[in-house]
J.: 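Sharing a structure with you now.
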Protein chains: 2
Amino acid sequence: MRLVVARCAVDYDGRLTAHLPMAVRLLLVKADGSVSIHADGGAYKPLNWMSPPCALTEQPGLWTVRNKTGETLTITIDEVMSDTSWELGADPGLVKDGVEAHLQALLAEQCEAIGAGLRLVRREYPTDIGPVDLLFRDAAGATVAVEVKRRGEIDGVEQLTRYLERLDRDPLLRPVRGVLAAQEIKPQAKVLAGQRGIECVVVDYDELRGREPTTPRLF
Amino acid sequence: MRLVVARCAVDYDGRLTAHLPMAVRLLLVKADGSVSIHADGGAYKPLNWMSPPCALTEQPGLWTVRNKTGETLTITIDEVMSDTSWELGADPGLVKDGVEAHLQALLAEQCEAIGAGLRLVRREYPTDIGPVDLLFRDAAGATVAVEVKRRGEIDGVEQLTRYLERLDRDPLLRPVRGVLAAQEIKPQAKVLAGQRGIECVVVDYDELRGREPTTPRLF
DNA sequence: TTGTTGATTTCGCAA
DNA sequence: TTGCGAAGTCAACAA
């Protein structure tokens with residue numbers, strides 16, 4: 001990893017055209033070839049960047065970064081305050097918990113959080129427009145299709161609507177009802193779901209995780 | 001801006017739980033208070049971060065970053081290779097061109113790119129679920145609602161469908177037809193649009209921009 | 001390679 | 001403040 005602090009101007013020409021006037025900034029060159037230009041704000045997002053794979057050509061006062069689709073980043077350097085390189089080695093990487101995949105797994109095991117009398121048919125039930133997160137049968141033999149989201153928004157309702165339309169054509173599944181299960185559901189999504197006859201279920205991730213039996217319990 | 005290269009382990013507890021084992025990384029502390037932890041890969045995205053506003057508490061070998069919603073980033077530092085600070089000053093900021101807003105403006109002026117005989121009613125025509133990008137009348141007195149995208153995808157068709165449903169209820173506008181205008185339209189979006197009776201128009205941004213008269217021309 | 005979906009998305013605008 | 005749509009979204013994963 002190379003860290004350069006320099007007064008520079010930047011031009012990006014690719015999916016759009018963008019220009020940065022001359023100012024002091026951090027140029028961050030990673031081992032993967034990516035170059036990013038950071039100012040003292042804007043959280044973690046750089047002002048401008050080039051994603052790998054790309055090639056950096058260095059001339060005195062002028063860096064040119066190019067990728068294979070022809071996008072270019074041109075960095076005009078006026079003055080270099082600092083230029084250091086560091087050997088970081090391969091990173092062991094991030095271990096995450098609490099994302100949608102885990103929520104889906106928990107709900108597959110704990111159907112009762114969605115409704116009484118459900119039996120799992122399968123996770124990632126395939127349709128011709130993509131897999132439905134969870135498919136259940138209810139006590140009456142009807143099919144229940146569940147879309148799992150961390151946050152339930154309009155997109156999730158639209159997505160589930162498309163699945164329901166497909167599933168309901170299958171005589172082996174019909175009738176199919178839909179459930180949007182999320183840790184949090186936006187009001188607009190609730191309204192749209194209501195109009196479409198889709199049930200909204202707010203699930204508590206910590207509670208699901210806490211209830212998950214690592215070993216069977218007696219009570 | 002402060003740049004620290006250090007061997008560290010990181011724990012994030014907030015919207016999810018995440019852990020980074022001990023390794024050498026870059027800690028980037030910006031003037032806006034944000035902290036991000038970069039490895040030598042993953043393009044411009046840090047492995048872990050805390051967005052502003054947040055507060056950094058520094059103890060020997062232990063940094064704690066906290067925001068007001070209670071998310072915490074705990075950085076355990078084993079060894080500091082480098083610790084430098086730089087005064088960058090306010091950045092003049094990025095100048096962009098080529099985004100959807102500009103495309104919308106160009107199409108408002110150059111209706112003929114969408115269809116013959118159109119007359120602009122208004123840009124950002126309001127409905128109760130949000131504004132329609134462009135609304136026109138055609139020669140026959142019918143209304144034409146246009147959704148402008150840089151890239152036309154399924155979402156754009158869904159969005160336009162919702163608008164059309166609303167607009168078509170208005171006796172002053174009815175009948176309303178829909179047009180998806182984009183620099184590039186994905187096949188799946190074309191298929192869905194076709195099923196919904198929505199017309200797809202691929203527009204050439206450079207051509208529109210080139211045709212735009214900065215001063216009136218005679219030919 | 002293409003398409004789809006998730007993301008600690010982030011960011012900006014407007015109500 | 002909240003909500004919603006756009007992003008040079010990026011990135012992972014499946015077909």
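Here is how names work: the chains are called A, B, and so on, in the same order as the sequence lines, proteins then strands, and each is numbered from 1.
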J.: Can you list the residues that meet the ring pair (Phe, Tyr, Trp, His ring centres under 6.0 Å) rule with A:Tyr125, with sequence neighbours excluded?
T.: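 With sequence neighbours excluded, A:Tyr125 shows a ring pair (Phe, Tyr, Trp, His ring centres under 6.0 Å) to no residue whatsoever.
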
J.: Closest approach to the side chain of A:Leu94, judged atom by atom: which nucleotide of D:dG8, C:dT8, C:dG6 is it?
T.: C:dT8

J.: Are B:Leu167 and B:Leu135 side-chain neighbours, meaning at least one heavy-atom pair lies under 4.5 Å?
T.: yes

J.: Counting the atoms with a prime plus P, OP1 and OP2 as sugar-phosphate, which does B:Glu147 contact under 4.0 Å by heavy atoms, base, sugar-phosphate, or nothing?
T.: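 Counting heavy atoms under 4.0 Å across all strands, the contact made by B:Glu147 is with sugar-phosphate only.
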
J.: For B:Arg66, does the CZ atom have more than 12 heavy-atom neighbours from other residues, nucleotides or ligands under 6.0 Å away?
T.: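 Atom CZ in B:Arg66 is not crowded, with 12 or fewer foreign heavy atoms closer than 6.0 Å.
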
J.: Of the options D:dG8, D:dG5, C:dT8, whose atoms approach the side-chain atoms of A:Glu71 most closely?
T.: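 Within the option list, the nearest is D:dG8.
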
J.: Considering only atom P, compute the distance from D:dA11 to C:dC11 and round it to an integer number of Å.
T.: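 One P to the other, the span is 16 Å.
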
J.: For B:Lys190, report the nucleic acid contact type (base, sugar-phosphate, nothing); a contact means any heavy atom under 4.0 Å.
T.: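 No contact.
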
J.: Which residue pairs satisfy the salt bridge (charged side-chain N to carboxylate O under 4.0 Å, His left out) criterion with at least one member in residues 7-26 of chain B, sequence neighbours excluded?
T.: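 Salt bridge (charged side-chain N to carboxylate O under 4.0 Å, His left out) check on residues 7-26 of chain B returns A:Asp91-B:Arg25, B:Arg7-B:Asp78, B:Arg7-B:Glu79, B:Arg15-B:Glu71.
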
J.: Of the options C:dT8, C:dA7, C:dT4, whose atoms approach the side-chain atoms of B:Leu16 most closely?
T.: C:dT8

J.: Would you check if the side chain of A:Asn67 reaches a backbone N or O of A:Gly70 as a donor-acceptor pair within less than 3.5 Å?
T.: yes

J.: Mind checking if A:Glu153 touches a base, just sugar-phosphate, or nothing, with heavy atoms under 4.0 Å?
T.: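 Nothing: the residue A:Glu153, judged by heavy atoms under 4.0 Å, touches no strand.
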
J.: Quick one: which of D:dG5, C:dT4, C:dT8 gets closest to the side chain of B:Arg162?
T.: D:dG5

J.: Please work out if A:Tyr163 contacts a base, only the sugar-phosphate, or nothing of the nucleic acid, heavy-atom cut-off 4.0 Å.
T.: sugar-phosphate

J.: Please determine if a side-chain N or O atom of A:Gln159 lies less than 4.0 Å away from the OP1 or OP2 oxygen of C:dT5.
T.: yes

J.: Could you pull out the protein-nucleic contacts involving nucleotides 11-15 of chain D (nitrogen or oxygen on both sides, under 3.5 Å)?
T.:
unit_1, atom_1, unit_2, atom_2, d
D:dA11, OP1, B:Gly42, O, 3.4

J.: Could you check whether any side-chain heavy atom of A:Trp49 comes within less than 4.5 Å of a side-chain heavy atom of A:Ser34, counting everything from C-beta outward?
T.: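 Answer no - side chains too far apart.
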
J.: Hey, is the side chain of B:Arg15 poking within less than 4.0 Å of OP1 or OP2 on C:dT10, counting only N and O atoms?
T.: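 Answer is yes, contact under 4.0 Å.
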
J.: Would one find a side-chain N or O of A:Lys96 under 4.0 angstrom from OP1 or OP2 of C:dT8?
T.: yes

J.: Is the backbone N or O of B:Leu208 less than 3.5 Å from a side-chain atom of B:Gln110, with the two atoms forming a donor-acceptor pair by type?
T.: yes

J.: Identify which nucleotide among D:dG8, C:dG6, C:dT8 has an atom closest to any side-chain atom of A:Lys149, counting heavy atoms from C-beta outward.
T.: C:dG6

J.: Quick check for you: among D:dG8, C:dT8, C:dT5, whose closest atom lies nearest to any side-chain atom of A:Met50?
T.: D:dG8

J.: Give A:Pro131 one of three labels, base, sugar-phosphate or nothing, depending on what nucleic acid heavy atoms sit under 4.0 Å from its own.
T.: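 Answer is nothing: A:Pro131 stays at 4.0 Å or more from every strand.
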
